[in-house]
Amino acid sequence: MTSDGTTAGIRPATAADVPAVTSVTDAAYRPYIERIGVVPQPMEADHAANVAAGKVFVTGEPVTGVLVVEAFADHLFLDSVAVHPDARGTGAGRRLLRFVDAHARALGLPEVRLYTNAMMWENQEIYPKYGYEVVERRVDGPYDRIHYRKRLDRTEPHRTVGKRTEAE
């Protein structure tokens, strides 16, 4: 997010980005393999198909952050957010999560849903800080998942300009 409150620097991924999407996703999720005992699902995704379907957004040059989303009738599903370990602490993850909210609002969707593996403790600390609430914990095959949702207000984000507030 830039100082003016935008999500500049995030763009739809192109076919040329597929190797970087794969690399960033693998680097971000690889440390979890030993902890959870299986390969995290984002590492097994068909990145080329997701890019072709318009589900993938990236940030950084070279790419350091990847976001995979899918729109449904009543929500935007956040399938994966990955930041390369070398780019942690740069704000890339924060910008990507704020982009998700803006994207959902632009699509007229009232909420964002996601899940994370119960063994990915770091995520359980991060998502509530961005307004996500736990909905349920459910085992899906080999994955023990905590499901979250974030309800978005119907209004656009506002900023203060002088003494008045304007919609961005």
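This chain uses plain numbering: 1 for the first residue, then up along the sequence.
- Note on Ile33: it does not cluster hydrophobically with Val24, by side-chain heavy-atom contacts below 4.5 Å among ILVMFWY residues.
- Between Ala92 and Thr59, the shortest heavy-atom distance links the atoms CB-CG2, 4.3 Å.
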Show me the donor-acceptor pairs, under 3.5 Å and distance only, between side chains in residues 124-131 and residues at least two apart or in other chains.
{"from": "Gln124", "atom 1": "NE2", "to": "Ala118", "atom 2": "O", "distance (Å)": "2.7"}

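- In terms of heavy-atom proximity, Tyr148 sits nearest to Asn123 at OH-O, 4.4 Å.
- Val56 and Phe99 are not part of a single hydrophobic cluster, where members link through side-chain heavy atoms under 4.5 Å apart.
- The side-chain contact (heavy atoms from CB on, under 4.5 Å) search around Ala45 returns His47, Asn50, not counting sequence neighbours.
- Cluster membership for Val51 and Val81, using ILVMFWY side-chain heavy atoms within less than 4.5 angstrom, is not shared.
- Of all heavy-atom pairs spanning Val38 and Pro142, the tightest one is CG1-CB, 4.0 Å.
- A distance of 10.0 Å separates CE in Met43 from OG1 in Thr22, rounded to the nearest 0.5 Å.
- Here CD1 of Ile10 is found 11.0 Å from NE2 of His103. Values are rounded to the nearest 0.5 Å.
- The shortest distance between side-chain heavy atoms of Val21 and Thr25 falls below 4.5 Å.
- Remark: Asn117 engages Ile36, Met119, Met120, Tyr143 in a side-chain contact (heavy atoms from CB on, under 4.5 Å) (not counting sequence neighbours).
- Residues Val83 and Val100 are members of one and the same hydrophobic cluster, defined by side-chain heavy-atom contacts under 4.5 angstrom among Ile, Leu, Val, Met, Phe, Trp and Tyr.
- Heavy-atom minimum distance, Pro31 versus Ala27: CD-O, 3.4 Å.
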Could you list the donor-acceptor pairs under 3.5 angstrom formed between side-chain atoms of residues 61-80 and any protein atom two or more places apart in sequence or on another chain?
{"from": "Asp74", "atom 1": "OD2", "to": "Arg113", "atom 2": "NH2", "distance (Å)": "3.3"}
{"from": "His75", "atom 1": "ND1", "to": "Arg113", "atom 2": "NH1", "distance (Å)": "3.3"}
{"from": "Ser80", "atom 1": "OG", "to": "Tyr29", "atom 2": "OH", "distance (Å)": "3.0"}

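- Considering only residues two or more places apart in sequence or on other chains, Glu44 meets the side-chain hydrogen bond (donor to acceptor under 3.5 Å, both in side chains) condition with none of them.
- Contacts of Ala28 classified as side-chain contact (heavy atoms from CB on, under 4.5 Å), with partners at least two apart in sequence or in another chain: Ala82, Arg88.
- A heavy-atom distance below 4.5 Å is found between the side chains of Val112 and Leu152.
- The hydrophobic cluster around Val135 extends to none of the other residues, as no ILVMFWY side-chain heavy atom falls under 4.5 Å of it.
- In this structure, OH in Tyr32 is found 9.5 Å from CH2 in Trp121, a value given to the nearest 0.5 Å.
- Looking at residues two or more places apart in sequence or on another chain, you find a side-chain contact (heavy atoms from CB on, under 4.5 Å) between Glu136 and Arg138, His147.
- Applying the salt bridge (charged side-chain N to carboxylate O under 4.0 Å, His left out) rule to pairs touching residues 15-42 yields Arg11-Asp17, Arg35-Glu122, sequence neighbours excluded.
- Val39 and Tyr115 are members of different hydrophobic clusters when ILVMFWY side chains are connected at heavy-atom separations under 4.5 Å.
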